[in-house]
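Here the structure is a predicted model, which is why all the values come from computation and not from measurement. The analysis underlying the following values was restricted to heavy atoms, covering all of them including side chains, and did not include hydrogens, waters or symmetry mates.
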Amino acid sequence: MTGDEETDRRGTAVLAGVDGSGEALTAVRWAAYEAALRGCELRILHVVPDAVHHGEPYGIRTVLLDAERAAVDARPGLQVRTDAVSGHPAERLIAGARSAGLLVVGRRGRGAVADLLLGSVSRAVAGRATVPTVAVDAPVIPESAVVVGTDGSAHAARAMDFAFDEARLRDARLIVVYALPSPIPRPQSELVPHYEPAVEPAAAREWLARWSAPWSRRHPGIEVTHQVRTGPAADVMCDVAGSGALLVVGSRGRGTVKSLLLGSVSLGVLHRHSGAVAVIGTGAGDVPHPGT
C-alpha cells in the first residue's frame with residue numbers, strides 16, 4: 001500500500017447502523033474506537049424498516065442522540081454525523097456504506113429487526129457490502145490480537161489485506177489461521193476403517209508461511225504467527241481468537257460454499273465468536289494474491 005493509498009483509507013468515514021437497541025450502542029462505541037484509530041469521521045445511520053410504524057419524530061431523534069452521545073463519550077472530540085432514513089435496513093446500510101471505508105453493526109437488533117439479524121439483514125450486509133463489515137455484540141475491548149482465517153482463495157486475500165491494516169492501526173500482533181479438515185475415513189477392511197489426513201500438517205504449515213509471506217514483507221513491523229489446526233474452520237478460528245481478538249474472515253471460501261452469499265465458515269464465526277467479527281464481502285470484487 002502506498003502512502004497516498006494509506007491516507008485515503010484512513011480519511012474515509014466509518015458508518016455505524018443503529019436501531020435504538022443496546023447492541024447498536026455497543027456497535028457505535030466500537031465504531032467510534034475504529035474511527036479514532038483511522039482519524040476519520042463517524043457516520044451514524046438509523047434505518048426505520050418500511051414494515052414498522054415510524055412513530056413520533058421525537059423517537060427517531062432520541063435514537064440518534066443516544067447514539068451520538070455514546071460515540072462522543074467513547075471518543076471525546078470525534079467528529080460525528082447522524083442521519084435517519086426509511087426502507088429495508090440491509091439495503092439502506094449497504095447503500096450508505098458505499099461512501100464509507102467500514103460498516104459496523106450490532107449482531108442483535110430490536111423488535112422486528114432482531115428476528116432478521118443473521119437472516120436478511122446482517123447476512124445480506126456482510127455478504128454484499130462493498131466495504132468490510134464488522135458485527136459486534138460485546139463491549140469495546142482494545143484487541144490484543146487480530147486473527148484472520150485463510151484458505152488460499154481470492155476472498156482470503158482480501159481478508160489478509162484488511163487484517164494486516166487493522167493490526168497496524170492497533171499495533172497488535174496478527175495470527176494467521178489455516179484449518180485442516182478432519183482425517184478422511186478410508187475403508188481398510190469392512191470392520192476397521194483407516195483414517196488418512198487430507199493434508200499433512202507439516203505441508204500445511206509450509207504452505208501457510210509461503211502464502212502469507214508477501215503481506216509480511218509489506219508490513220515488516222507487524223508480529224505475525226501462524227496456526228495450523230485440525231477441525232471445522234469456524235471452530236478453529238473461534239478457539240484461536242478467544243474473546244479478546246478481532247476475528248477477520250472472508251465472506252466466502254473455496255468449494256461448494258462459493259455458491260452461498262455467506263459461506264458456512266463466516267456464518268459459523270458470526271454465531272460463535274464472542275468478540276468483533278469482520279466479514280470481508282464480495283461487493284468490491286476479488287483482490288489477487290500480492291505475490292502474483
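Put simply, V148 and L180 are part of the same group of oily side chains (I, L, V, M, F, W, Y) that touch within less than 4.5 Å, one to the next. Under the 4.5 Å side-chain heavy-atom criterion for Ile, Leu, Val, Met, Phe, Trp and Tyr, V28 and L65 are members of distinct hydrophobic clusters. Under a hydrophobic-cluster definition in which Ile, Leu, Val, Met, Phe, Trp and Tyr are linked whenever side-chain heavy atoms come within less than 4.5 Å, directly or via other members, V80 and L25 are assigned to different clusters.
Applying the salt bridge (charged side-chain N to carboxylate O under 4.0 Å, His left out) rule to R98 yields no partners; only residues at least two apart in sequence or on another chain are considered. With sequence neighbours excluded, no residue forms a side chain to side chain donor-acceptor pair (under 3.5 Å) with R173. D73 meets the salt bridge (charged side-chain N to carboxylate O under 4.0 Å, His left out) test with no other residue; sequence neighbours excluded. Residues forming a side chain to side chain donor-acceptor pair (under 3.5 Å) with D83 (at least two apart in sequence, or on another chain): none. Residues that satisfy the side chain to side chain donor-acceptor pair (under 3.5 Å) test with R92, not counting sequence neighbours, are absent from this structure. E223 is linked by a salt bridge (charged side-chain N to carboxylate O under 4.0 Å, His left out) to nothing, counting only residues two or more places apart in sequence or in another chain.
Closest heavy-atom contact between A241 and H273: CB-CE1, 3.6 Å. The shortest heavy-atom contact between L78 and C40 is CD1-O, 3.7 Å. Taking each heavy atom of P132 and I280 in turn, the nearest pair found is CB-CD1, 3.6 Å. Taking both residues in full, the closest heavy atoms of T12 and A100 are given as CG2-C, 3.3 Å, listed atom of the first, atom of the second, then distance. A16 and A31 get closest at one heavy-atom pair: CB-CB, 3.8 Å. Contact between A179 and A233 at its shortest, heavy atoms only, is CB-CA, 3.5 Å.
Note: T82 OG1 to R61 CZ = 11.5 Å, rounded to the nearest 0.5 Å. Atom CG of D165 is separated from atom CG of L174 by 10.5 Å, given to the nearest 0.5 angstrom. The distance from the CG atom of L102 to the CZ atom of R38 is 4.5 Å, given to the nearest 0.5 Å. The OH atom of Y33 sits 5.0 Å away from the CZ atom of R170 when rounded to the nearest 0.5 Å. Between the CZ atom of R168 and the CZ atom of F164 there is a distance of 11.5 Å, given to the nearest 0.5 Å. Atom CG in L169 sits 10.5 Å away from atom CG in L246 (nearest 0.5 Å).
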Could you walk me through whether V279 and V249 pass the side chain to side chain contact (heavy atoms under 4.5 Å, CB included) test, one step at a time?
CA-CA 5 Å; V279 179; V249 63; 4.2 Å; yes

Give the C-alpha distance, both sets of side-chain angles, the deciding distance and a yes or no for side chain to side chain contact (heavy atoms under 4.5 Å, CB included) between R29 and V104.
CA-CA 10 Å; R29 295 183 187 98; V104 183; over 6 Å; no

Please evaluate residues R81 and E41 with respect to the criterion side chain to side chain contact (heavy atoms under 4.5 Å, CB included), reporting the C-alpha separation (whole Å), side-chain torsions for both, the decisive distance (0.1 Å), and the verdict.
CA-CA 8 Å; R81 181 157 55 98; E41 175 188 62; 3.3 Å; yes

Yes or no on side chain to side chain contact (heavy atoms under 4.5 Å, CB included) for V177 and R229, after CA distance, side-chain angles and deciding distance?
CA-CA 8 Å; V177 181; R229 298 191 184 184; 5.9 Å; no

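Salt bridge R218/D161: present, at least one basic N to carboxylate O contact under 4.0 Å.
Within a 6.0 Å sphere centred on CD of Q227, heavy atoms belonging to other residues, nucleotides or ligands number more than 12.
Note: W207 and Y178 have tilted aromatic rings, judged against thresholds of 30 and 60 degrees for the angle between ring planes.
In this structure, D239 and R272 have side chains that are in contact, with non-hydrogen atoms separated by less than 4.5 Å.
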